[in-house]
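Working notes, structure below.
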Amino acid sequence: MRIPFVAGNWKMNTTVTEAEILVYTMLEELDQIVGVEKVLCPPFVSLVAINIMLQNSSIRLGAQNMHFEARGAYTGEISPLMISEQCEYVILGHSERRWAFAETDEMVNKKIKAALVNRLIPILCVGERLEENEAGKTEDVISRQIRSGLQDTEPISDLVVAYEPVWAIGTGKAASGRQAAATIGFIRNTLAKLWSKDIAQDLRIIYGGSVTSANVAEFISQQEIDGALVGGASLKSEEFLSIASQTSVIKSKLL
Ligand code: PEP
């Protein structure tokens, strides 16, 4: 059985004080939402403070990125070793990293391996750009991102994969539930071929791209979709709480 998974990617938003206030306003209620794994991914500088706030709660902490080396002359970078002292999860291969910071599949693969060495659970993001979607290349792109990103790794039983079509991120134009479920089904098949059917069947594969409290039900009610990676809407406590609680209610009925 796959435990539903909802993560908030705060991107480059919130000062440490703002991050603390955001967590403070939703901590108690979010903590009480059952049957869903809840993960917050604030900016690096807030990880220590938020980690302290989340102690003794059911809410997990994730980082938004990391370098693949443990330490060294990489000015401005954050290492897996540093992240692993604070977090359980790390988002890797987010499209904003791929397209705004020229991250390649090879770099994502190195980061996945570094995450595993440091006992971090990767949330691997994959997704096609608009022109790739329109050219019918969605499956080719995603298959390449999965196979290259996970190249030469043993099966990762707790891996989370986020299908995030680039055209849906931060645009307010979400995919449809059926569209997202079909691509997520393709991702599961790809993972089944790469590792095994049993492993793929147990992996959480979630959708991301303009998810809000108003549309989350469309995604979550699809059997294939195990949760959501939420950007903009995760910066509003009432939105994120609603997304997590709708996920809890809808998924409990589907089981
Ligand atoms: C994201 O950053 O992963 C994301 C899905 O953003 P948004 O929800 O704002 O589209």
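Read the numbers this way: they start at 1 and go in the same order the structure lists the ligands and their atoms.
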Per-atom contacts of ligand 1 with G170, taking only distances under 4.0 Å to non-hydrogen atoms
7 (P), 9 (O), 10 (O)
Stepwise, does the side chain to side chain contact (heavy atoms under 4.5 Å, CB included) test hold for Q64 with H94?
CA-CA 8 Å; Q64 299 174 17; H94 191 281; over 6 Å; no
Any N or O of E96 closer than 3.5 Å to N or O of ligand 1:
no
For ligand 1, is there an N or O atom under 3.5 Å from any N or O atom of V230?
no
Carboxylate-amine/guanidinium proximity below 4.0 Å for R98 and D105:
yes
Protein heavy atom at shortest distance from atom 1 (C) of ligand 1
H94 NE2, 3.2 Å
For atom 3 (O) of ligand 1, what is the closest protein heavy atom, and at what distance to 0.1 Å?
E164 OE2, 2.7 Å
Near G232 (heavy-atom distance under 4.0 Å), the atoms of ligand 1 are 7 (P), 8 (O), 9 (O)
Min side-chain heavy-atom separation L61-P42 under 4.5 Å
yes
Counting each atom of ligand 1 from 1 as listed, which ones have a heavy atom of I169 under 4.0 Å away?
4 (C), 6 (O), 10 (O)
Please report the interatomic distance CG(D31) to CE(M26), rounded to the nearest 0.5 Å.
12.0 Å
Applying the side chain to side chain donor-acceptor pair (under 3.5 Å) test to N65, which of E96, E77, K111 qualifies?
K111
Element-labelled atoms of ligand 1 that are located less than 4.0 Å from some non-hydrogen atom of L229:
3 (O), 5 (C)
Closest heavy-atom pair and its distance - R2, Q223:
NH2-O, 3.5 Å
Check this for me - ligand 1, S210, N or O atoms closer than 3.5 angstrom, yes or no?
yes
Closest to atom 6 (O) of ligand 1 among protein heavy atoms sits K11 NZ, 3.2 Å
Plane angle bin for Y89 and F5 - parallel if under 30°, tilted between 30 and 60°, otherwise perpendicular
perpendicular
Indicate, as side chain, backbone, both or neither, the part of A168 found under 4.0 angstrom from ligand 1 when only non-hydrogen atoms are considered.
backbone
Which pairs of donor and acceptor atoms, one on a side chain in residues 171-178, lie under 3.5 Å apart (sequence neighbours left out)?
residue: T171; atom: OG1; partner: W167; partner atom: O; Å: 2.9
residue: T171; atom: OG1; partner: A168; partner atom: O; Å: 3.4
residue: T171; atom: OG1; partner: K173; partner atom: N; Å: 3.1
residue: S176; atom: OG; partner: Q179; partner atom: N; Å: 3.0
residue: S176; atom: OG; partner: Q179; partner atom: OE1; Å: 3.4

Note the single closest protein heavy atom to atom 8 (O) of ligand 1, along with its residue, its atom name and the distance in Å.
G231 N, 2.8 Å
Using a 4.0 Å cutoff against the non-hydrogen atoms of G209, which atoms of ligand 1 qualify?
5 (C), 10 (O)
Heavy-atom distances under 4.0 Å are what count here, so tell me which part of N9 touches ligand 1: side chain, backbone, both or neither.
side chain
Set of side-chain contact (heavy atoms from CB on, under 4.5 Å) partners for V16, sequence neighbours left out:
E20, V45, S46, A49
